[in-house]
Amino acid sequence: MLTTRVQPGPFDLGAEVAVLTAGRSDIGAVVSFTGLVRDVALTLEHYPAMTERQLAAIAADAAARWELLGATVIHRFGSLAPADPIVLVATAARHRGAAFAAAEFLMDWLKTRAPFWKREAGGGWVEAKATDDAAAARWVIPS
Amino acid sequence: MLTTRVQPGPFDLGAEVAVLTAGRSDIGAVVSFTGLVRDVALTLEHYPAMTERQLAAIAADAAARWELLGATVIHRFGSLAPADPIVLVATAARHRGAAFAAAEFLMDWLKTRAPFWKREAGGGWVEAKATDDAAAARWVIPS
Amino acid sequence: MQLLYFAWVRERIGLDAETLALPEGVATAGALLDWLATRSEGHAAALADRNQLRIAVDQQFAMMDTPVRDDAEVAIFPPVTGG
Amino acid sequence: MQLLYFAWVRERIGLDAETLALPEGVATAGALLDWLATRSEGHAAALADRNQLRIAVDQQFAMMDTPVRDDAEVAIFPPVTGG
């Protein structure tokens, strides 16, 4: 089951992982990543129609690369305070290797392919990081 | 804050992550790993005095290798049914790279260095996996 | 053609969207940017540094040589910073 | 000396723990296992395959050549399978 959602409000990590694993006993490993606002309040702008497409495409890409038994991707937008959660990725698989790799992949892909832009409160637009491009480049399949 | 616990009962992923991040705004990334019983009920035996020492040592080792802002390791013992959670690892850091790497390290270390033994219901003792040894070998610092 | 602008591209142009007829002879995303840059000082400022711009055609990432048609939705924005 | 056995080592020996006086001349974990194997058929069966055994001395992983003393807690068990 692949779930992707874009929403202004918070998400519940425990509840999302419970949904991901509900009613099945073939899952041996669940990895979650929660991204939080550090230090300075942010506003997240996004491109709604493209965001939905990209999140679905990113999740499908992860499911094609690893034997996932489920994945959830939730990304918030709007005004966020320090310590607020921004993004949740959760992956379920029989074994931990696939769950860890797919979660890292999803985060690297989100950072470089999902149309969100962060603006710091009282400051400017956050600049894209070369380290995110480098992290995403690990997953590019040579054509 | 490093938290390690061995207990027979379940744990609450959302609550543990909330404790890990409570009251601070310097954490940008939290990674969690939950291990679940697959398919067949298990009994987990352990060596209590050594388990406590090993879990504390494993967590300290992770904190020495990466700039963690917190880590939680909880391992259950006793009788567990299919789909029951067995183990929780959660790591907090400024950036996702350290949080992901430390969580993988902790799981690889737990699988090969924490004194637990699984027995399948109606079956025998689970054998150690060469893949776990190989995964743990990634982290050995050449002496 | 539907044009959408985000983040500082939106701010510099002073619009979040505009609907324009694609002029004859403008057939790629790159040519579209060249033409848009002539529309106002804001457009010119927003579109000056191509290395800092990303383009999506019909909600998919595109290159400067990606073809554009008059019925397309073209979005122009800085490198993404979500996650 | 306090001896502790876990998992199938415990089952084959038929004890989860025993307190024994370390005999003279037994100075390493390996020598201890050789001596323990002579104590009963169960001990012999449990301790036959050294590749399948792990040892902890005072709750720390040890090697066959790790020194053991009479005041030590020595645990013998199969490779761990937690996590």
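In what follows, chains carry the letters A, B, and so on, assigned in the order in which the sequence lines appear, proteins first and then strands, with residues in each chain numbered from 1.
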M50(A) side chain near P115(A) side chain, heavy-atom distance below 4.5 Å:
yes

Which bit of A114(A) is near chain C, if near means a heavy-atom gap under 4.5 Å: side chain, backbone, both or neither?
backbone

So do the side chains of Q54(A) and W109(A) get within less than 4.5 Å of each other, counting heavy atoms only?
no

Need one label for R10(C): side chain, backbone, both or neither, based on atoms under 4.5 Å from any heavy atom in chain A.
side chain

Interface moiety of Q52(C) toward chain A, non-hydrogen atoms closer than 4.5 Å:
neither

Rounded distance (nearest 0.5 Å) linking atom CG of L55(A) with atom OG1 of T3(A):
11.5 Å

Region of R76(A) that comes under 4.5 Å of a non-hydrogen atom in chain C
neither

Do the ring centers of F77(C) and W8(C) come within less than 6.0 Å of each other?
no

